[in-house]
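Okay, structure first, notes after.
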Amino acid sequence: MGVRVPPGAPHAADRGIFWYNTQLQGRKQKDMAEITLEQRRHSAAHLMARAVMNLFEDVQVDIGPATDEGFYYDFDLPHRLSPEDFPKIESEIARLIALDEPFVRKEVTADEAKKLLAGQKYKLERLADVVADGVAISTYAVGDYVEMCRGPHVEHSKQIGVVKLTRVAGSYYRGDEKNKMLQRIYGIVAKDQAELDEIVARAEEAKRRDHRRLGTELDLFHLDPEDPGQIFWHPRGWSIYVTLQDYMRRKLVKDGYREVNTPAIMPRSLWERSGHWAHYQQNMFITESEKRLFAVKPMNCPGAIEIFKSRTRSYKDLPLRLAEFGHCARNEPSGTLHGIMRVRGFVQDDAHILCTEEQIEEEVAKFCRLLKDVYSDFGFDKNLLIKLSTMPEDHVGDEATWQHAESALAAACKAAGMDYEIQPGEGAFYGPKLEFTLVDALARQWQCGTIQLDYQLPSAERLNAEYIGADGKKHHPVMLHRAVLGSLERFIGILIEHYAGAFPVWLAPEQVRVLPISDKALAYAEKVRGALAAEGVRVEVDDSAEKLGAKIREASAWKVPYKLVVGPRDEAAGTVSVRKSGEGDLGAMSLDDFVAKIRGELEP
RNA sequence: GCCACUUUAGCUCAGUAGGUAGAGCACAUCCUUGGUAAGGAUGAGGUCGGCGGUUCGAUUCCGCUAGGUGGCUCCA
């Protein structure tokens, strides 16, 4: 088979599908004899297409690959598909599976394929791509249904198992928003009903961890429908927020950064010079005062440059690392908003490093080390994915500079002991970048950290930042935009789901709850609280009229890591009875011992 | 922004073949003072997202609009 593109494969430009293809291409021929999950999913997609064509009029089919979760198929038809159609389609698929017909592969010529696909405009367009690639064209037939496809498939349809449709969604043809929107149905396959139930149960677990749900349950924040994409942080959520921010602040200071703060609202004239007015205006909140236009900042970078420019700079000042937890506002399209993960008002652990070209590599390596250090405190350092995005077609600056910049990023990764994969042409128009994607407890991927090279903003054409070199002449520094956590909001959303709301002690908004067994123990409970508060522990007393069992249940629901039961026996002995999340009853220990114990857990 | 779906009490959700609504949890008051995952009683709470249409009558049907959800595009 070699490396040829399988016939019928979607065009490589279809992102997301590209991955799937490359994975299959790498598969050895002998593996194809076995029935894989991909084959079952992919075959289920075919039968779903067949079912939809059997049930509805004027169906145009596009493509239907397997995914990490299951499969989907894209259709264009006059009927508006909805979940109400699922039972009907599912039972038609079940009927087709029960026929247990073989999947028959056949290689055909372009003309034969054209005849087979007559009337299917999307398929014919896809065929043209395959023909252009000059590779063999194959078809798969199951019963009376034939489709151009490179396979592989199951041998006969009963091998697919059971199929359940999960959702219907819109999807642009070839993933391009300028194209028509098709109707996509997603589905999953399982060996039998029992496995299907398991998959459904897993999905429910993810739903239980959903940060939007836990954010409400744990009283961390709320989102007001009247102000979409803006977060109201409640005391418990804000406690997590500032704890994380303080933690990051300490890391930055230790790593040679200086923290600054710049205005939230800046004038049009500045944004014109920075290029944002021309390139980013759609995403900016613009306001007016006394006939002058201003914009709420979507990024902190111009502010950092203004600080750099506030006095004459020497090469001896470089690298200058300016950190800023500046609140940014971006007018994101409504459809992209998602809980606190994707919002319109947010703060990044942002910093801008102004340095010479020679310093780039060392600065990037330094950043990589910092990122690894921080991620390890959350257990995110294990499955870190790093992507190096290189020069896009539409770029500024000469190729030699780009090449130098790209190799500096690559060398820095190696110096930090990190593997990376290259995303050709995915860099920003002003410079290449590294993106860091972490994998959470549910194996989901999140892009958080990034470091981005920028020759443009400090240049004479933009904000004109200059320093005096050793040669006594003026030079423009290079700017590195970088963030470790990304936005604090998104990172906290990830943490909520990663920990299922049960934060480690150092991050927990309430670290200890003291539970007096009755109000006779209230005074002692108050004494325990005072002793812990003096240590900087976030501690509360449950002075409600409930019984102990109810208090424990309540504290557990709020995911308080330590519960200290105190009663007359403890008061007499100067002890607390310790109960810890996940570990249960640890028995009684002296208050001093407990203080010593928790002291060690107040830092990551 | 695009496609589909969706919006009932603070939260999770019932419900009305069109005759202005219910549960559990949470909340309030009272009783209970109980040593490791829900003690009991009583009570308060909603012009059923907003606007318009059909109708004798709309929370229910239709249209528009806003928010949300799932995708797509984009992205920290």
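Throughout, protein chains are lettered first and strands after them, A, B, ... in sequence-line order, and every chain is numbered starting at 1.
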I'd like the P distance from B:U55 over to B:C13, given in whole Å.
36 Å

Distance between the C1' atoms of B:A37 and B:A44, in whole angstroms?
29 Å

If you compare every side-chain N and O of A:Arg167 against the phosphate oxygens of B:G71 (OP1, OP2), does one of them come in below 4.0 Å?
yes

In terms of relative ring orientation, are A:Trp271 and A:His276 parallel, tilted or perpendicular, with 30° and 60° separating the classes?
perpendicular

Taken to the nearest whole Å, CG/A:Asp76 to C1'/B:C2 is 14 Å

Qualifying residue, where the test is side chain to side chain contact (heavy atoms under 4.5 Å, CB included) with A:Lys563 and the options are A:Leu515, A:Val576, A:Asp542
A:Leu515

Given the P atoms of B:G24 and B:A41, what is the spacing between them in whole Å?
11 Å

Integer angstrom distance from the C1' of B:U8 to that of B:G68
15 Å

Considering only NZ, NE, NH1 and NH2 on the basic side and carboxylate oxygens on the acidic side, decide whether A:Arg41 and A:Glu38 come within less than 4.0 Å.
no

With a 3.5 Å limit on both atom pairs, tell me what B:U16 is paired to, counting Watson-Crick and G-U wobble, or say none.
none

Between B:U36 (C1') and A:Tyr562 (OH): distance, integer Å:
17 Å

Under a 3.5 Å cut-off for both contacts, is B:A66 paired Watson-Crick or G-U wobble with anything, and if yes, with which nucleotide?
B:U7

B:G57 versus B:C31 - spacing of their C1' atoms, nearest Å
47 Å

Is A:Arg490 touching bases, backbone alone, or none of the nucleic acid, heavy atoms closer than 4.0 Å?
base

Check: B:A76 base within 3.5 Å donor-acceptor of A:Gln452 side chain:
no

Do A:Tyr172 side-chain and B:G1 base share a donor-acceptor contact under 3.5 Å?
yes

B:G71 base stacked by A:Tyr186? Criteria: ring centres under 5.5 Å, plane angle under 30°.
no

Using a cut-off of 4.0 Å on non-hydrogen atoms, how would the nucleic acid contact of A:Arg342 be classed: base, sugar-phosphate, or nothing?
base

Determine, step by step, whether A:Arg236 and A:Glu510 satisfy the salt bridge (Lys or Arg N to Asp or Glu O under 4.0 Å) criterion, reporting the C-alpha distance in whole Å, the side-chain angles of both residues, the deciding distance to 0.1 Å, and the verdict.
CA-CA 8 Å; A:Arg236 302 178 80 88; A:Glu510 185 182 346; 3.0 Å; yes

Would you say a side-chain N or O of A:His338 is under 4.0 Å from OP1 or OP2 of B:G71?
no

Touch class at under 4.0 angstrom, heavy-atom based, for A:Gly486 against every strand present
sugar-phosphate

Which part of the nucleic acid, if any, lies within reach of A:Glu546 when heavy atoms closer than 4.0 Å are counted: base, sugar-phosphate only, or nothing?
base

Taking 4.0 Å as the cut-off, does a side-chain nitrogen or oxygen of A:Ser334 come that near to OP1 or OP2 on B:G1?
yes

Strictly under 6.0 Å, is that where the ring centroids of A:Tyr73 and A:Phe71 end up?
no

P atoms of B:A9 and B:U47, separation to the nearest Å:
9 Å

When all nucleic acid strands are considered with a 4.0 Å heavy-atom cut-off, which category describes A:Asp350: base, sugar-phosphate, or nothing?
nothing

Quick one: is B:G70 close enough that its OP1 or OP2 comes under 4.0 Å of any side-chain N or O from A:Arg212?
yes

State the syn/anti category of B:G39 according to its glycosidic angle, syn meaning within 90° of 0.
anti

In whole Å, what is the span from the CG atom of A:Asp176 to the C1' atom of B:C74?
12 Å

For nucleotides B:A58 and B:G15, find the distance between their C1' atoms and express it as a whole number of Å.
15 Å

Do the rings of A:Phe221 and A:His211 sit parallel, tilted or perpendicular, given the 30° and 60° boundaries?
tilted

Indicate the ring-plane relationship of A:Phe380 and A:Phe491, choosing parallel, tilted or perpendicular according to the 30° and 60° boundaries.
perpendicular

B:A37 base to A:Arg553 side chain: any donor-acceptor pair below 3.5 Å?
no

How would you label the contact of A:Ser577 with the nucleic acid (heavy atoms, under 4.0 Å): base, sugar-phosphate, or nothing?
base

Would you mind classifying the nucleic acid contact of A:Ala545 as base, sugar-phosphate or nothing, using non-hydrogen atoms under 4.0 angstrom?
base

B:G49 and B:A66: how far apart are their C1' atoms, nearest whole angstrom?
8 Å

Touch class at under 4.0 angstrom, heavy-atom based, for A:Pro225 against every strand present:
sugar-phosphate

